[in-house]
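Okay, so here's the structure we're looking at.
Small disclaimer: the values here were computed from a predicted structure and weren't measured.
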Amino acid sequence: MSKSPTLTILSILLLITVFTGSTNAQLDSFNPGAYKVPDFKYRLLDLSFDISGNTQNNNTPSADQTANSFRPQFSLSHAKYLNSRKKQRISQSTFNSSSYLSNSTITQNTSTENKQNTFNLDFYAFGNEEAKYFNDNAFFIGYKLNAEVQLQINNNTSQIVVNSLVNQKTKNYQDFSQSDVSAAFTIGKGRIEETRYAMTAYYILKDLIAKKLLTQEPSHEQILALAEKIGQILNRRTFDLRDKTIEELTQLDSTLCSMFNLSDKNIKYFTTLNDNWLFANAPSRKSGLSFQADIGANLFSTSTFTQQSDLLFDTVASRYDDFTLGVGTAINFTLSYEKPISVKWQQSVKAFLTPSIGYQGNRIIINYNKVSIVSKIPAIELGASYTLGYYPNTRTYLTLGLDERIGYYKAIPEDGFTTSYFNFAGQAISANTSYFNFTGQARINLYYYFSPTLRLQAQAGFLLSHLAQRQETNNNTTKTSNSGLNMGATLVYSIFYG
């Protein structure tokens, strides 16, 4: 006799509740949703530079080979965070650059040489800023700015020399570039608060009571006060990462001493603080209700160029040049609801609706044959998700979720040509064709911490998708449906620990 999925899920929840139950009734009645993230402002800057290279010499009876390569890489990332009751702002930027140079020579029978020279360049830059300005009734206005640029160049030259004479010399060249700039005006009501600092305070006090290092039962106001101090400590700029944890735990210890009467500050006390400081602030949990509308526009371009040339005879064997320029506007409505039902239970609801319209121009050149097309692409997309989470302690959690997404896209070429495009959602679509798709997913994730030597991680998901494609020119409709179940589990047992 088979059990229903609902009964199986309830059984799992019951077993976890039994084995992870708590005896601190007053402490467990704490409401994480009452916590408000404190004011903070800080910046982060990371630089990275790497150089690697390689030299090889291989000698065999049939051929000798020499190869050299050089690869420099550079990256820079900057972030700026600001949070207050009146303003929220996040600014992030990234710059990555890498290149690769190599050359190789294969000599056969001392008379034939095959030479290869390669040069690759990869450049990427990204920046975004999002800000919200609140009034006393949680209404807000704001903006979103995004800019992205990418460039890739691949150049390979091949040469064959026979008896000191160049017999063949070819070149394969390819470059790809894309850029995207967007801006949006935001208006809405409500605010989502991060509650992981409140949960860190809760778990620290809970463990101190369990180990009889704290004799008094903390009030809800004291938990919130400790959580506010934890939020201030964690959202500070640190110049020396080697001393970061020491400085943070020193401030945490000072705060606890000023708020509570601690029975004994022994090694058990400090290891309890350190353990919760490392593990009690994850996974992230939130609280609040927010509805917002983003009215924005974007401008994007992509370019792909490929050419194969014969350098010996100065001819072009093949050439492909594709340039796309597009502009679009969209209105995105978003609803977010995060509810800590209790210190152990969390539910999350998200929904969005996005109508958009874009205009896109394509110029394609294949071996000097040119085609230019302009298309209008209307689209609408909506989706929703629900997640129920159970977090009995700092290292065990179970989440159940449902996700649904529906979209409609259409490409309308003005000159009647039929070709392929990418819409604003990044999906490949054909001109003069409409698309309707649906995607639904049910998921479950479990991480159970039995002991430092035994841990279980498991996940499962059921995915259902449906795509209907209608060609307007011949009134032909093609439908495709897919479904699948994926699951996995990992059980880790450490035979030697410590």
Side-chain angles (χ1 to χ4, degrees), residues 124-130 142-152 176-188 292-305 320-335 350-365 370-384 404-439 465-473 477-478 480:
Y124 177 79
F126 170 79
N128 78 301
E129 181 168 297
E130 181 177 351
Y143 63 86
K144 294 180 178 180
L145 302 174
N146 292 275
E148 183 179 12
V149 178
Q150 183 178 7
L151 173 64
Q152 293 178 339
F176 170 80
S177 65
Q178 68 174 10
S179 61
D180 194 329
V181 178
S182 64
F185 171 75
T186 300
I187 185 171
Q292 72 180 56
D294 300 311
I295 306 171
N298 77 312
L299 174 68
F300 71 93
S301 67
T302 61
S303 175
T304 301
F305 178 80
Y320 177 81
D321 189 355
D322 186 354
F323 177 75
T324 301
L325 179 65
V327 60
T329 182
I331 303 177
N332 183 34
F333 301 97
T334 305
L335 173 68
K350 295 182 180 180
F352 72 91
L353 171 65
T354 307
S356 64
I357 186 169
Y359 292 87
Q360 180 173 299
N362 280 66
R363 183 213 63 198
I364 303 174
I365 301 175
K370 181 179 178 180
V371 177
S372 297
I373 304 170
V374 177
S375 294
K376 178 172 64 175
I377 306 176
I380 186 170
E381 189 173 17
L382 60 92
E404 299 83 27
R405 184 182 292 261
I406 300 174
Y408 175 80
Y409 314 91
K410 188 173 184 179
I412 308 173
E414 295 188 352
D415 52 11
F417 286 97
T418 300
T419 186
S420 296
Y421 300 96
F422 284 92
N423 67 359
F424 297 106
Q427 295 177 322
I429 58 179
S430 298
N432 219 16
T433 304
S434 59
Y435 284 76
F436 171 82
N437 64 60
F438 167 81
T439 302
S465 64
H466 175 77
L467 173 64
Q469 173 183 340
R470 184 173 184 269
Q471 188 71 35
E472 301 291 341
T473 54
T477 301
T478 303
T480 304

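Here the side chain of S303 pairs no donor or acceptor atom with the backbone of F176 at under 3.5 angstrom.
Taking OG from S182 and CG from L145, the interatomic distance works out to 8.0 Å, rounded to the nearest 0.5 Å. Rounded to the nearest 0.5 angstrom, F438 CZ and I406 CD1 are separated by 6.0 Å. Rounding to the nearest 0.5 Å places CG of L299 at 7.0 Å from OG of S179. Distance CG/N298 to CG/N146: 10.0 Å, rounded to 0.5 Å. Distance NZ/K144 to CD1/I295: 12.0 Å, rounded to 0.5 Å. Here NZ of K410 is found 13.0 Å from OH of Y435. Values are rounded to the nearest 0.5 Å.
Looking at D321, D322, T324 one by one, the single match for side chain to side chain donor-acceptor pair (under 3.5 Å) with R363 turns out to be D321. Just one of T354, N332, I187 meets the side-chain contact (heavy atoms from CB on, under 4.5 Å) condition when paired with D294; it is N332.
With a 4.5 Å cut-off on side-chain heavy atoms, Y409 and E381 count as touching. Side-chain contact between E148 and Y124 is present, with heavy atoms from C-beta onward closer than 4.5 Å. Contact of the I380 side chain with the L353 side chain is registered, since non-hydrogen atoms from C-beta on lie closer than 4.5 Å.
Here the closest heavy-atom approach between residue T329 and residue G296 is recorded as OG1-O, 3.0 Å. Closest approach of V327 and F300 over heavy atoms only: N-CE2, 4.3 Å. Contact between F185 and G142 at its shortest, heavy atoms only, is CD1-O, 3.5 Å.
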Exercise. Checking side chain to side chain contact (heavy atoms under 4.5 Å, CB included) for the pair T478/L467: CA distance, chi angles, key distance, verdict?
Worked result: CA-CA 8 Å; T478 303; L467 173 64; over 6 Å; no

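When only modelled atom types and interatomic distance are considered, Q360 and N362 share a side-chain donor-acceptor pair under 3.5 Å.
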